[in-house]
Student: 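Here you go, one structure.
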Amino acid sequence: MSVDLVVVGAGGSGVSAARQAQMSGVKNVVLIEKQPAIGGTANFCEGMFAAESSLQSQVGIVVTREHAFRTIMEYSHWKANPRLVRAFIDKSAESIEWMKQNGVAFKYVAATTPGAPMTWHVFDGLCKKAVNTLAARFTENGGKILTKTPGKSLINEKGTVLGVTAEQDGAPLEIRAKAVIIATGGYANSKELMTKYTDYPDTIPIGNIGKDGDGIKMAWAAGAAKEGMGVLQTYRPGLPKYLANSHLMAAARQPYLWIDHNGFRFTDETIQSNWPFAGNALVKSGGTAISIFDADTRKFLETNGIEQPMGEYLHSGSKLMKFEEELQKEIATGNNKAFVANSLAELAQKIGVNPAVLEETITQNNTFAEQRADGQFFKSPKFLRPVKTPPFYAVKLHPTMLGTLGGVRVNEKLQAVGENGMPIPGLYVVGNDAGGMYGDTYDLLMSGSTMGFAVNSGRIAGENAAKYIGAAK
């Protein structure tokens, strides 16, 4: 096959790149995806970042590009690539209009973390609908999407990338192109790369399938430098196979009382609303948090609803009427992740901690709740709840992530860059495959940043690839 541009990976960044390149004048664009369906992890997100957007302006929200830039760079301790961060921010408001131009609608602007800047532009129908809408515009205008077609290697001739070798229905497929954009979504499912580059390789990937680092390895083989390996998009602690609307997980994730595997409290539990902080604390504590609450708290959650929302899936006040059903199903699996007991001694035995340590921890917690002051980690008194009334509940939680965030060094044009600092002709890398957007920890302060980076990095790469190809209008 011979085309002008091939995009490898049809998630949020790949679809955005393909559609933008098409709109920038590239006539023959093919988008390949190894899964049977498009979307990738973008199928599970809710909104995207922007600063100084028209939607913010309409409701009086002021988040300047300067403030966003300084916040991102200071959060990363200036480990992030400032030119890349600036390009991302500067593109963001325009990308909201670009999405609307392509038929994507928005519901409102908010923040994912309490008190954070309101940069989260929530899609009407969430990200899955947005990606499908962009893909439809792409195919309606002559673009071609090939699913079940994994990319295997780059065609690299004398340092210039001129296409991709792929596989379709088990047969080899060579796609010759004037430029390639890699958008394969990271390496969350690669045990090899997770073990080599991350602090906790057993972090549970949520919404990631087949993210084996294919595109990253392809770019490295073509001479691209490494950047951002080991940065994870850590999420709320949880368990495998539970979705964000799980009532069992929503109860366990409330910021009441979390202990480590030895029975000691190890954090201010309210950091669960800032997922990266929670992920870091959990890894440092050994990879297990045990959420403990009593019958009174369970009744409160069923009658009054949760206090900390689970994004767009369970809002504050959502009543956990499916808690008992999900609890019993989890207990029946025999995985030893959910427990109920009529005494604290019985609970200690079931969760495998020293009864004396557990009793001391709960006594201290109850004193804090009675005094309305956390004498240990200064948690907000609002979330101090006693553990007194049987039966007692415990749910074991582990580090989770929504993906990995980096791998290939890029410049502000999203060109892959070699160890010598020079771009590799014909090769662009976007989304979760691109390094430099973060320091060493995912930044949730700029709400919607990963989907925002997917769209904006894709668009920037699409525009620059079009210029490289010589087809820009």
Side-chain angles (χ1 to χ4, degrees), residues 13 45-99 106 108-122 227-235 268 270-271 273-281 402-406 409-415 417 421 430-432 434-461 463-464:
S13 59
C45 79
E46 299 144 283
M48 63 181 282
F49 164 91
E52 298 186 16
S53 75
S54 62
L55 297 180
Q56 289 167 320
S57 178
Q58 287 170 12
V59 291
I61 297 170
V62 178
V63 182
T64 67
R65 289 178 296 150
E66 179 180 353
H67 177 72
F69 176 79
R70 291 188 182 279
T71 300
I72 292 172
M73 294 308 301
E74 289 171 8
Y75 184 94
S76 78
H77 301 102
W78 277 80
K79 288 184 178 180
N81 179 340
R83 290 181 178 272
L84 179 64
V85 171
R86 183 64 194 269
F88 157 67
I89 292 170
D90 286 350
K91 199 73 170 175
S92 63
E94 178 192 317
S95 287
I96 298 298
E97 302 307 312
W98 181 82
M99 295 291 273
F106 294 87
Y108 56 82
V109 183
T112 53
T113 301
M118 298 183 73
T119 60
W120 195 35
H121 293 63
V122 178
E227 185 168 2
M229 292 299 289
V231 183
L232 306 181
Q233 189 185 4
T234 48
Y235 188 51
D268 169 359
T270 60
I271 64 171
S273 65
N274 195 328
W275 318 329
F277 290 4
N280 289 343
L402 300 177
T404 58
L405 301 173
R409 185 176 299 169
V410 298
N411 61 20
E412 67 271 24
K413 296 181 180 180
L414 278 299
Q415 295 170 295
V417 173
V430 298
N432 287 357
M437 183 59 210
Y438 302 92
D440 53 19
T441 302
Y442 172 51
D443 175 9
L444 194 63
L445 294 178
M446 294 290 106
S447 303
S449 62
T450 43
M451 183 59 182
F453 186 67
V455 173
N456 287 289
S457 65
R459 291 193 61 218
I460 293 169
E463 289 176 338
N464 283 292

Student: Between Asn464 and Leu414, is any pair of side-chain heavy atoms under 4.5 Å apart?
Tutor: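 Not in contact.
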Student: Restricting to salt bridge (charged side-chain N to carboxylate O under 4.0 Å, His left out), what partner residues turn up for Arg65, sequence neighbours left out?
Tutor: Glu52, Asp90
Student: Looking only at heavy atoms, which two atoms of Ala116 and Ala111 are closest? And how far apart?
Tutor: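 Nearest heavy atoms, Ala116 then Ala111: O-CB, 3.5 Å.
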Student: Specify the closest pair of heavy atoms between His67 and Pro117, including all atoms of both residues, with the distance to one decimal.
Tutor: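 His67 and Pro117 have their closest heavy atoms at NE2-CG, 3.9 Å.
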Student: Nearest 0.5 Å, what's the OG-CE distance between Ser13 and Met451?
Tutor: 8.5 Å
Student: If you compare all heavy atoms of Ser447 against all heavy atoms of Trp120, which two are closest, and at what distance to 0.1 Å?
Tutor: CB-CB, 3.5 Å
Student: Using a 4.5 Å cut-off on heavy atoms from C-beta on, say whether the side chain of Lys79 contacts that of Asp440.
Tutor: yes
Student: Less than 4.5 Å apart, side chain to side chain, heavy atoms only: is that true for Leu402 and Trp275?
Tutor: yes
Student: For Asn411 and Val417, which heavy atoms make the closest approach, and how far apart are they?
Tutor: N-CG2, 3.6 Å
Student: Do Phe453 and Leu405 have side-chain heavy atoms sitting under 4.5 Å apart?
Tutor: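 Not in contact.
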Student: In chain order, what residues pass the side-chain hydrogen bond (donor to acceptor under 3.5 Å, both in side chains) check against Asp268, with sequence neighbours excluded?
Tutor: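 With sequence neighbours excluded, Asp268 shows a side-chain hydrogen bond (donor to acceptor under 3.5 Å, both in side chains) to Thr270, given in chain and number order.
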Student: Just verifying a value: how many Å separate Asp443 CG and Phe49 CZ, rounded to the nearest 0.5 Å?
Tutor: 9.5 Å
Student: Can you pull the side-chain hydrogen bond (donor to acceptor under 3.5 Å, both in side chains) pairs that have at least one residue in residues 55-64, sequence neighbours excluded?
Tutor: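 side-chain hydrogen bond (donor to acceptor under 3.5 Å, both in side chains) check on residues 55-64 returns Ser53-Gln56.
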Student: Which atoms form the tightest heavy-atom contact between Ser449 and Tyr438, and what is the distance?
Tutor: OG-OH, 3.2 Å
Student: Considering the options Thr119, Leu444, Asn274, which one meets the side-chain contact (heavy atoms from CB on, under 4.5 Å) requirement together with Thr112?
Tutor: Leu444
Student: Kindly write out the residues that satisfy side-chain contact (heavy atoms from CB on, under 4.5 Å) with Ser95, not counting sequence neighbours, or none if the list is empty.
Tutor: Met48, Lys91, Val455, Asn456, Arg459
Student: So with a 6.0 Å cut-off around CZ of Phe277, is the heavy-atom count from everything else above 12?
Tutor: no
Student: At their closest point, which heavy atom of Ala50 faces which heavy atom of Ile96, and how far apart are they?
Tutor: CB-CG1, 3.6 Å
Student: Looking at residues at least two apart in the chain, or sitting in another chain, which of them share a side-chain contact (heavy atoms from CB on, under 4.5 Å) with Glu412?
Tutor: Arg83, Ala87
Student: According to ring pair (Phe, Tyr, Trp, His ring centres under 6.0 Å), who are the partners of Tyr75, at least two apart in sequence or on a separate chain?
Tutor: none
Student: So do Met437 and Val85 actually touch side chain to side chain, heavy atoms under 4.5 Å?
Tutor: yes
Student: If we only count heavy atoms from C-beta on, is the Met446 to Thr71 side-chain gap below 4.5 Å?
Tutor: yes
